[in-house]
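Inspection log for the structure reproduced underneath, given as C-alpha cells.
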Amino acid sequence: MVGKVLVVDDEDTLRLTLKTRLNAGGFETDAAVDGEDALAKLKQTPYDVVLLDINMPRMDGITALG
C-alpha cells in the first residue's frame with residue numbers, strides 16, 4: 001500500500017467514488033460521512049492523509065479541524 005487515506009464527505013456518490021479510485025491507485029482507504037464520524041475513526045486509526053469536505057451536517061469540516 002502507498003498510504004492510508006480517510007475520505008470524509010456526506011455525499012455518498014463522491015465519497016464512494018474517491019474511495020474506489022484511491023483503492024485502485026494502491027491506497028488503503030476508509031470513509032466517514034461527517035466530522036463526528038471522522039474524529040471517531042481518527043481516534044482508532046492513524047491516517048497519512050484526510051480528504052475533508054467543508055460543508056457537512058452534524059459537524060462540518062472546519063469544526064472537525066479544530
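All values below come from the heavy atoms of this structure, side chains included, with hydrogens, waters and symmetry mates left out. This one's a predicted model, so the numbers in the text were calculated from it and none came from an experiment.
Cluster annotation: Leu16 and Val33 are assigned to distinct hydrophobic clusters (Ile/Leu/Val/Met/Phe/Trp/Tyr, side-chain heavy-atom contacts under 4.5 Å, transitive).
Residue pairs meeting the side chain to side chain donor-acceptor pair (under 3.5 Å) criterion with at least one member in residues 41-51, sequence neighbours excluded: Asp30-Tyr47. Residue pairs meeting the side chain to side chain donor-acceptor pair (under 3.5 Å) criterion with at least one partner in residues 2-16, sequence neighbours excluded, are Asp12-Arg15.
Judged as a salt bridge (charged side-chain N to carboxylate O under 4.0 Å, His left out), and not counting sequence neighbours, Asp37 has no contacts. Looking at residues two or more places apart in sequence or on another chain, you find a salt bridge (charged side-chain N to carboxylate O under 4.0 Å, His left out) between Arg58 and Asp34, Glu36. Applying the side-chain contact (heavy atoms from CB on, under 4.5 Å) rule to Leu22 yields the partners Val5, Val7, Phe27, Thr29, Leu51; only residues at least two apart in sequence or on another chain are considered. For Thr20, the side-chain hydrogen bond (donor to acceptor under 3.5 Å, both in side chains) test picks out no residue, with sequence neighbours left out.
The minimum heavy-atom distance linking Gly35 with Val8 is given by the pair N-CG1, 4.4 Å.
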